[in-house]
Asks: 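Dumping the structure here so I can ask a few things about it.
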Amino acid sequence: MRYDAGMRTWDICCSVIDNFGDIGVSWRLARSLAHEQGAQVRLWVDDLAAFQRIRPDVQPDLAQQSCDGVTVCAWSPGMPAACTADIVVEAFGCVLPDAYVAAMATHSPPPVWINLEYLSAEFWVAAHHGLPSPHPRLPLTKYFFFPGYTEQTGGLLRERDVLTRRADFVQHGVDAYWQSLGLAAPLPGEWRISLFAYENPALAELLDAWRAGPELVTLLVPEGRILPQVSAWSGLSELRTGDAVQCDALHVQVLPFTSQDEYDRLLWACDLNFVRGEDSCVRAQWAARPLVWQAYPQADAVHHDKLDALLGRYTETLAPAAAQVLTDTWRRWNGVSGAPDMMACWAGWRAQRGELRRHATDWQARLAAQPSLTDALADFAENKLKSCVFSTP
Ligand code: TRH
């Protein structure tokens, strides 16, 4: 028998809870399986309007459409009564319809059923990655696939060409990119900073710190949840896409919320990126630029454990003074009590600018030496398919 991952069919199911992380990750995975593994992928999405925000050519009113090599299907309650896929991925524990699960059970061998989990740098992830969970009634097994920062986990989403595209952009494309935003090349010492964040009580003191200089700061804010706070701080009633405001050393410019690929270019161009959730955090790491991460807020401050886990890994090989600045800043930005205020954090960040930048490059290279999530997931599924075939009489 011949096994060829290129002939595999995948159903990826994504229910959008809120924000853009669920669809952002699901789409990135679907696209890279199609492009890099030659797989036939159907992506089922229950909120095509959210999808359209990160992929503007998606038509929200179509039941089915082809998008960059992936078949995109509207996931309605009737979705689909038949399952024809070799591999079924439910993203982030979204619940598959009973009829679909029943259809999965009629296949021999049954499809490989995978629950793609949220990303965490915590240590327990390695022990849970890949664990099976047999269905209580049907002859099906679901596997838990955990993204992560080590080879004992499922890894991180990383398109095969992303680092070369980034390197090419950094070498040849940055000036033209700034021009496309109506900006000249940065002045010596100037900071270009992107801000993608949830509402955040530490924002005003950070903006105050930037406003005070001495270096110029150009802050680029894609339209979104943090913008009302930026507007309130600036004293203007409502900043919108295209607006710009100068407050002493700080220049704020509001950008449209763009496609994922365009957002990558913003991360690649900036000296420092404020990111949030899951996918933008990973993209900022591939950008090889320092980042400040705002974890998705969870009840009982569970996200502070996630924050400290990533901090622990990221600062492991960072010089102590820079590690302290980074830790203080991330903690303050995430509301951890006891962290110094943003004025102090920014003073430290300015002093450690070179070291933090150097480390971001090292960190990117270290992560890039590991298999990508797409490759790891395709291997995992293929192994399960093989073992299933060989164990089926
Ligand atoms: O939008 P998020 O806050 O998503 C969150 C997290 O994923 C969280 O883990 C999850 O539980 C919650 O949603 C429901 O942040 P994230 O993960 O960074 O996703 C944002 C996506 O939006 C990412 O794919 C990048 C993309 N994006 C664009 O395409 N264009 C833009 O202009 C910007 C700012 C982002």
Side-chain angles (χ1 to χ4, degrees), residues 12 14-32 43 45-58 67-68 90-94 115-122 125 146-148 156-159 162 166 177 180-181 193-200 219-227 230 240-242 253-270 272-287 289 291-299 302-307 309-310 333-334 373-374:
I12 300 176
C14 171
S15 172
V16 176
I17 308 292
D18 61 359
N19 302 311
F20 302 100
D22 304 305
I23 184 58
V25 169
S26 301
W27 167 240
R28 216 178 270 296
L29 173 64
R31 190 167 65 162
S32 60
L43 175 61
V45 185
D46 68 355
D47 184 350
L48 289 172
F51 190 6
Q52 190 188 37
R53 298 289 308 280
I54 62 164
R55 181 78 205 190
D57 56 340
V58 165
C67 186
D68 209 359
E90 52 178 47
F92 313 119
C94 67
N115 183 8
L116 177 65
E117 292 285 345
Y118 286 109
L119 169 64
S120 172
E122 289 163 292
V125 164
F146 282 83
L156 300 171
L157 278 167
R158 183 187 77 242
E159 299 86 355
V162 68
R166 177 201 162 267
Y177 177 74
S180 76
L181 299 185
I193 301 175
S194 76
L195 176 66
F196 179 45
Y198 310 113
E199 299 75 7
N200 194 318
L219 181 65
L220 299 153
V221 190
E223 218 169 6
R225 285 174 58 175
I226 196 76
L227 196 54
V230 179
R240 293 167 191 271
T241 296
Q253 189 155 325
V254 184
L255 304 182
F257 192 96
T258 55
S259 68
Q260 278 184 328
D261 292 345
E262 189 61 24
Y263 179 57
D264 268 345
R265 285 187 271 279
L266 176 65
L267 298 174
W268 298 344
C270 283
L272 168 60
N273 294 301
F274 282 69
V275 288
R276 74 184 204 194
E278 178 165 333
D279 193 51
S280 58
C281 179
V282 173
R283 303 314 284 183
Q285 293 171 67
W286 297 135
R289 294 290 155 87
L291 67 148
V292 177
W293 179 45
Q294 187 178 17
Y296 182 74
Q298 289 174 280
V302 173
H303 58 293
H304 286 170
D305 293 341
K306 283 190 167 187
L307 183 84
L310 183 54
W333 192 239
N334 284 274
L373 185 146
T374 305

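Counting convention: from 1, in listed order, for ligands and their atoms alike. All of these numbers come straight from a predicted model, not from anything done at the bench.
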Asks: Do any nitrogen or oxygen atoms of Arg53 come within less than 3.5 Å of a nitrogen or oxygen of ligand 1?
Replies: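 Checking ligand 1 against Arg53, no N or O pair falls under 3.5 Å apart.
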
Asks: Please output the side-chain donor-acceptor pairs of residues 20-27 that fall under 3.5 Å, not counting sequence neighbours, one pair per line with the distance.
Replies:
from, atom 1, to, atom 2, distance (Å)
Asp22, OD1, Tyr118, OH, 3.1
Asp22, OD2, Ile17, N, 3.2
Ser26, OG, Asp22, O, 2.8

Asks: For residues Glu122 and Asp305, report the shortest heavy-atom separation together with the two atoms involved.
Replies: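 So the two residues come closest at OE2-CB, 3.5 Å.
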
Asks: Can you check which of Leu266, Thr258, Asp264 brings a heavy atom nearest to atom 28 (C) of ligand 1?
Replies: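 The nearest heavy atom belongs to Thr258.
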
Asks: At what distance is the nearest protein heavy atom to atom 24 (O) of ligand 1, and which residue and atom is it?
Replies: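 Of every protein heavy atom, Asp279 OD2, 2.6 Å lies nearest to atom 24 (O) of ligand 1.
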
Asks: May I ask you to list the atoms of ligand 1 that are less than 4.0 angstrom from any heavy atom of Tyr118?
Replies: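 Every atom of ligand 1 under 4.0 Å from some heavy atom of Tyr118: 9 (O), 10 (C), 11 (O).
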
Asks: Taking 4.0 angstrom as the limit and counting only heavy atoms of Gly277, give me the atoms of ligand 1 inside it, by number and element.
Replies: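 Here the atoms of ligand 1 in question are 6 (C), 15 (O), 17 (O).
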
Asks: Heavy-atom contacts with Asp18 under 4.0 Å: which atoms of ligand 1 show up? List them by number with element.
Replies: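 What qualifies from ligand 1 is 12 (C), 13 (O), 14 (C).
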
Asks: What is the nearest protein non-hydrogen atom to atom 26 (C) of ligand 1, stated with its residue, atom name and distance?
Replies: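 Nearest neighbour among protein heavy atoms for atom 26 (C) of ligand 1, to 0.1 Å: Ile54 CG2, 3.9 Å.
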
Asks: Quick check: Asp22 and ligand 1, any N/O pair under 3.5 Å apart?
Replies: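 In fact, backbone or side chain, Asp22 has no N or O that close.
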
Asks: What atoms in ligand 1 come closer than 4.0 Å to a heavy atom of Gly24?
Replies: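 Those atoms are 24 (O).
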
Asks: Show the atoms of ligand 1 that are less than 4.0 angstrom away from any heavy atom in Tyr198.
Replies: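 Contacts of ligand 1 toward Tyr198, numbered from 1: 2 (P), 3 (O), 5 (C).
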
Asks: If you draw the axis of the six-membered ring of Trp286, does the NZ or CZ of Arg158 fall within 45° of it and under 6.0 Å from the ring centre?
Replies: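 Cation-pi check for Arg158 and Trp286: passes.
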
Asks: Is the NZ or CZ atom of Arg265 positioned over Tyr177's six-membered ring, under 6.0 angstrom from the centre and within 45° of the axis?
Replies: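 No, Arg265 does not lie over the aromatic ring of Tyr177.
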
Asks: Are Glu159 and Ser32 close enough, and set up right, to give a side chain to side chain donor-acceptor pair (under 3.5 Å), and what steps lead you there?
Replies: CA-CA 6 Å; Glu159 299 86 355; Ser32 60; over 6 Å; no

Asks: Check Ser280 against ligand 1 and report side chain, backbone, both or neither, counting heavy atoms closer than 4.0 Å.
Replies: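 It is both parts that get close, each with some atom under 4.0 Å.
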
Asks: Can you tell me how far apart OH (Tyr198) and CG (Asp18) are? Round to the nearest 0.5 Å.
Replies: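 Answer for the OH-CG pair, Tyr198 versus Asp18, is 7.5 Å.
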
Asks: Ignoring hydrogens, just give me the one of Phe20, Tyr296, Phe196, Phe257 whose non-hydrogen atom is nearest atom 8 (C) of ligand 1.
Replies: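 Nearest option to atom 8 (C) of ligand 1, by heavy atoms: Tyr296.
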
Asks: Ligand 1 and Gly21, any nitrogen or oxygen pair closer than 3.5 angstrom?
Replies: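 Indeed, backbone or side chain, Gly21 has an N or O that close.
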
Asks: If you measure every N or O of Glu278 against every N or O of ligand 1, does any of those distances drop under 3.5 Å?
Replies: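 Right, the criterion is met.
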
Asks: Only one of Arg166, Arg31, Arg283 clears salt bridge (charged side-chain N to carboxylate O under 4.0 Å, His left out) with Asp261; which?
Replies: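 Result: among Arg166, Arg31, Arg283, Arg31 is the only option passing the salt bridge (charged side-chain N to carboxylate O under 4.0 Å, His left out) with Asp261.
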
Asks: Measuring only between side-chain heavy atoms, which start at C-beta, is Val125 closer than 4.5 Å to Leu119?
Replies: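 Not touching, per the 4.5 Å side-chain cut-off.
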
Asks: Atoms of ligand 1 less than 4.0 Å from Ser259 heavy atoms?
Replies: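 Contacts of ligand 1 toward Ser259, numbered from 1: 29 (O), 30 (N).
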
Asks: Give a yes/no verdict on whether any heavy atom in Phe92 is under 4.0 Å from an atom of ligand 1.
Replies: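 Phe92 does not count as a contact of ligand 1 under the 4.0 Å cut-off.
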
Asks: Between CG of Asn273 and CZ of Phe196, what distance do you get to the nearest 0.5 Å?
Replies: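 Reported to 0.5 Å precision, the distance equals 11.5 Å.
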
Asks: So, using side-chain contact (heavy atoms from CB on, under 4.5 Å) as the criterion, who are the partners of Asp57 when residues are at least two apart?
Replies: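 With neighbours one apart ignored, the set is Arg55, Cys67.
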
